[in-house]
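In this chain, residues are counted from 1 in sequence order. Both counts, for ligands and for their atoms, begin at 1 and track the order of listing.
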Amino acid sequence: MFRKFLLITLLTAFSTSAFAASAEERAQTAIDTRQGLLKVVASYFGPIVGMARGQIPFDAAVIETNAGKIAQLAPMLEDVFAMDTRASGLKSGAKDGIWEDSDDFKAKVATTTQRAIELAAATSQGKGPTMKAFGALGSSCKNCHESYREKDEG
Ligand code: ASC
């Protein structure tokens, strides 16, 4: 009796999980996950943009923390873009080169990670060097978007 209950419970659980998802559902989940990760990265990047524009006061401690978070998140981009979702026909801004030139894509991700580490380190040297390092991080983001994002919005 209990075994049967357990079996039904497990079957119900798996039928609603990614485990039992169709190819299209898995592709959509991968796209949502990619876009979600980039939003999390942007949430740490945004306050530093505000400081660079003078909209909020320069705060080296916040930049050090946020750059450290970006350095942790950026390597995950390689993981979440690993699944080639092109065959699904689902729309996203991801360009073919992500999978066709994957070594270059991974190199660009690695550069971004390195630049985030350098930004965190630069915060101990004052505003000038910090903002210079921030510019370098921003250009690595932009460089990857220009190659691999369909419509570059900045
Ligand atoms: C962001 C975001 C981008 C990059 C880019 C860096 O937060 O949404 O596209 O940073 O502006 O140059």
Side-chain angles (χ1 to χ4, degrees), residues 14 16-154:
F14 280 122
T16 55
S17 74
F19 190 76
S22 69
E24 183 174 321
E25 284 168 338
R26 285 197 305 274
Q28 188 60 61
T29 298
I31 292 167
D32 293 343
T33 303
R34 279 157 15 191
Q35 293 177 349
L37 178 59
L38 283 158
K39 276 184 192 158
V40 180
V41 171
S43 78
Y44 289 104
F45 195 86
I48 317 177
V49 174
M51 292 179 208
R53 291 178 179 161
Q55 291 162 339
I56 49 176
F58 177 78
D59 187 332
V62 169
I63 300 178
E64 184 183 17
T65 299
N66 288 16
K69 301 283 182 171
I70 294 168
Q72 290 179 297
L73 294 163
M76 299 178 198
L77 290 167
E78 186 179 318
D79 304 330
V80 299
F81 276 96
M83 186 198 283
D84 183 344
T85 52
R86 288 176 293 172
S88 71
L90 294 169
K91 255 185 75 65
S92 83
K95 283 191 175 174
D96 292 349
I98 294 169
W99 301 285
E100 287 172 5
D101 307 312
S102 65
D103 286 350
D104 180 67
F105 177 76
K106 288 173 191 173
K108 284 179 165 60
V109 166
T111 298
T112 297
T113 303
Q114 188 55 37
R115 299 264 172 95
I117 291 166
E118 286 164 8
L119 172 58
T123 56
S124 64
Q125 294 157 38
K127 189 173 174 178
T130 299
M131 285 310 169
K132 189 164 178 270
F134 180 55
L137 172 61
S139 51
S140 77
C141 299
K142 197 161 183 274
N143 188 28
C144 201
H145 293 162
E146 279 169 2
S147 300
Y148 298 118
R149 183 169 69 176
E150 202 61 69
K151 209 188 282 172
D152 195 18
E153 285 144 11

What atoms of ligand 1 come closer than 4.0 angstrom to any heavy atom of Cys141?
6 (C)
Kindly confirm or rule out an N or O of Phe45 lying under 3.5 angstrom from an N or O of ligand 1.
no
Taking only heavy atoms of Ala42 into account, list the atoms of ligand 1 that are under 4.0 Å away from them.
7 (O)
In terms of relative ring orientation, are Phe105 and Phe81 parallel, tilted or perpendicular, with 30° and 60° separating the classes?
perpendicular
Using 4.0 Å as the upper bound for N to carboxylate O, is an ion pair formed by Lys108 and Glu146?
no
Tell me whether the count of non-hydrogen atoms from other residues, nucleotides or ligands lying under 6.0 Å of NZ in Lys95 goes above 12.
yes
Going by the order shown, which atoms of ligand 1 are within less than 4.0 Å of some heavy atom of His145?
3 (C), 4 (C), 9 (O)
Can a donor-acceptor pair be found, under 3.5 Å and without considering hydrogens, that links the side chain of Ser92 to the backbone of Ile31?
no
For Arg149, the atoms of ligand 1 under 4.0 Å from one of its heavy atoms are 9 (O)
Just wondering, are more than 12 heavy atoms of other shown residues or ligands nearer than 6.0 Å to CD in Glu24?
no
